[in-house]
Amino acid sequence: MRIADLLDRRSIDLYGKAATKQEILDTMINLMCAAGRISDKKIYKMGVYAREKEGTTGIGDGIAIPHAKSEAVKEPGLAAMVIREGTDFDSLDGEPVYLLFLIAAPNTKENVHLDVLSKLSALLMDSEFTKALREARSIEEFINVIDDAESAQEAEQQKKEREETDNDGGASGSIKILAVTGCPTGIAHTYMAAEALEQAARQAGCRIKVETRGSGGAKNVHTGQEIREADCIIVAADTNIPMERYIGKKVIKCQVSAGISKAGQLIERAISGDVPVYAGESNQISVKKEEKTPAEKTGPEEDDGIGTESFWHVIYKNLMNGVSHMLPFVVGGGILIALAFMIDGFRVDINALTEAERGNFGSITSLARTFKSIGDAAFAFMLPILAGYIAMSIADRPGLAVGIVGGYLAASGKSGFLGALVAGFVAGYLILLLRKIFQVLPESIEGLKPILLYPLFGIFIMGLLMQFAIEPFVGGINTSLNSALNHMGGTSRILLGILVAGMMAVDLGGPINKAAYVFGTLSIAEGNYDIMAAVMIGGMVPPCAIALATLIFRNKFTSEERKSGPVNFIMGLSFITEGAIPFAAADPLRVIPACVIGSGVAGALSMAFKCTLMAPHGGIFVFPVVGNTLLYLLALGAGTAAGALMLGVFKKSRA
């Protein structure tokens, strides 16, 4: 079925006017009814609004595709509207909407709406196509733009299919795979997963294009044509990815770590075709596991981590959404505060200061005071942002304000980081609960929910929970932990250094690594600067140890590993732990324990030498603000040497 065949002149408005999302939906529903395709407007309207509650159909780039499958639809159809000045639609990218299509599909087994939505979404990924639709001055021109684009797309598809059949008879080389990779920080995992998938695809003889969603934004973005032609899409991400464009396509979802360590299995699954069709976030994707032989069924069924999204991964993804938005405030503010201390350190004789002046160290000179006041301002946003974006990941935009208020109350109270963490999750699920409660309200006040009801009741209830539940309980825990840290003896602090530094090497940028890093950054706010020093040195050791081992124990590594190994010195010294991942993925049972030992040694020495660090990132670039810099370098060298030695002992020689 062609898209142009579903459009009726009476259902197209090229000069639409609407101020709110509700007005937009009501206008689009009226346009659909004008074509005579709807038998019961009220029932169809309920279907459209119900779908919207599951998640916005504003796919971004100024486009929205609301839709509903309903008994009230007599025959499939499309309604279209152009709002030339744009209006808010709660889109995924937060930008105004200019172009809208409403889909009406009968409630039949054919799932017409998914097929049409897939084709339409693919076309709308072409910016030139959407621009032509927005600039159309007549209904005939609007329909012709769609018809021409769809015809051109079909002709190109047929041409490629003929060429592929002539070239290889439809062998595995004709398989076209798209992939998306993304990690919370967008620094390393994103691109390493992309590289692993590309290498696996080349080895399997199929074609792949990987879209990366890193810290610099989305790169190599899939076009509408590519989505339409793809046989399968692999989404290896621990962040929220715009998924609406993939409706109607076969999709595998997994953690970004699986994209690195299980790239070959993902490609094999994609080639096999044993992948479910994606039908929106409301329908969870699950991949059928391959049957095992009786001999293989020796224990409980294990999760292979491919195509599934566990409860804990959902929790982790929500947490990392908060952490990734918090980190710029931590890093920027932390380095500015560290510079303030360094400036006072150069300009003031600390031994000549009074006790009161020492308490204001970092704000004594005017220049230092300027740096510290700006850094403190950034730090003040840290916990509200963490809680707000955890809540937003769970409950979309209505959760943001409630989470931010909870995080602010935690920051200004005693519960601190732990309280903000709890507040973020409580706020998100509180909004989900309010959505269910408010479903009984009349549809006429639907537009009031996000701007009045959710923030009013959500913030009020959040405030009560913080004051009477979270603050007293979590605040007590937080106070006890900080007191315990501050009163730790030398031996206990060394053990703590081994623990946090070793955690940085366990999964090399994964959840355990992130837990240690967040603990270190939050310790800065509590004045425990030695913990951050141990955390950073623990993250620097694994790449440095691997680089040194490739130079000393050359027979333990492949030719390719020996060539790329020295580059890890740069990554390690820049505090990019993820540089060790390719080596760990190739031989995890030997590389990871060696790196953990090396990091543990460095962390223990850092604590023993009483090294401190007030900057939460930067590697060697922030060494000027490290306390006991020379001893810190010694600890780094010792940890690197220990890790390299363990690699030489654990790894087998290459033939």
Side-chain angles (χ1 to χ4, degrees), residues 184-185 239 315-338 372-395 397-431 455 458-483 485-486 500 511 514-529 531-532 535 614-617:
T185 54
T239 56
I315 294 295
Y316 171 69
K317 187 166 67 173
N318 294 332
L319 172 60
M320 287 299 106
N321 191 59
V323 170
S324 64
H325 283 87
M326 176 190 74
L327 282 181
F329 295 89
V330 177
V331 174
I335 291 177
L336 287 172
I337 293 173
K372 192 169 186 300
S373 63
I374 297 172
D376 286 342
F379 256 39
F381 285 100
M382 183 169 60
L383 297 186
I385 291 297
L386 170 69
Y389 279 91
I390 288 174
M392 186 175 179
S393 179
I394 296 169
R397 192 175 300 177
L400 181 61
V402 181
I404 285 177
V405 170
Y408 173 81
L409 293 173
S412 57
K414 296 181 179 180
S415 58
F417 167 68
L418 293 177
L421 201 66
V422 174
F425 283 98
V426 169
Y429 289 108
L430 173 61
I431 291 298
I459 290 174
F460 177 66
I461 296 172
M462 185 77 251
L464 293 178
L465 290 172
M466 288 298 300
Q467 183 175 352
F468 297 108
I470 297 174
E471 264 295 306
F473 179 68
V474 181
I477 295 175
N478 193 50
T479 301
S480 299
L481 286 175
N482 287 321
S483 177
L485 287 173
N486 288 325
V500 295
K514 290 293 188 294
Y517 177 68
V518 171
F519 178 59
T521 58
L522 270 299
S523 296
I524 293 176
E526 302 293 339
N528 297 309
Y529 305 126
I531 295 175
M532 187 65 234
V535 166
M614 292 172 282
H617 211 292

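When reading the values below, keep in mind they use all heavy atoms of this one structure, side chains included, and skip hydrogens, waters and symmetry mates. For clarity, every value in this text was computed on a predicted model and none was experimentally measured.
- Counting all heavy atoms, side chain and backbone alike, Gly520 lies closest to Ile531 at CA-CG2, 4.1 Å.
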Got a list of side-chain donor-acceptor pairs under 3.5 Å for residues 378-394, not counting sequence neighbours?
residue : atom : partner : partner atom : Å
Ser393  : OG   : Asn318  : OD1          : 2.6

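- The list of salt bridge (Lys or Arg N to Asp or Glu O under 4.0 Å) pairs with a residue in residues 374-391, not counting sequence neighbours, reads Lys372-Asp376.
- Here the closest non-hydrogen pair linking Ala427 and Val402 is CB-CG1, 3.7 Å.
- For CZ of Phe473, the number of neighbouring non-hydrogen atoms (other residues, nucleotides, ligands) closer than 6.0 Å is 12 at most.
- For Thr521, there are no side-chain hydrogen bond (donor to acceptor under 3.5 Å, both in side chains) partners at least two apart in sequence or on another chain.
- Counted within 6.0 Å of OH on Tyr408, heavy atoms from surrounding residues, nucleotides or ligands total 12 or fewer; the atom is thus considered open.
- Closest non-hydrogen pair, Val535 versus Ala516, comes out as CG2-O, 3.6 Å.
- One finds the CE atom of Met466 at 13.5 Å from the CD1 atom of Ile459 (value rounded to the nearest 0.5 Å).
- Between Tyr517 and Met532 there is a side-chain heavy-atom pair separated by less than 4.5 Å.
- In terms of the side-chain contact (heavy atoms from CB on, under 4.5 Å) criterion, residue partners of Val426 (sequence neighbours excluded) are, by chain and number, Val422, Met462, Leu465, Ile470.
- Ala395 and Gly428 get closest at one heavy-atom pair: CB-O, 3.4 Å.
- For residues 464-475, the pairs satisfying side-chain hydrogen bond (donor to acceptor under 3.5 Å, both in side chains) are Ser415-Glu471, with sequence neighbours left out.
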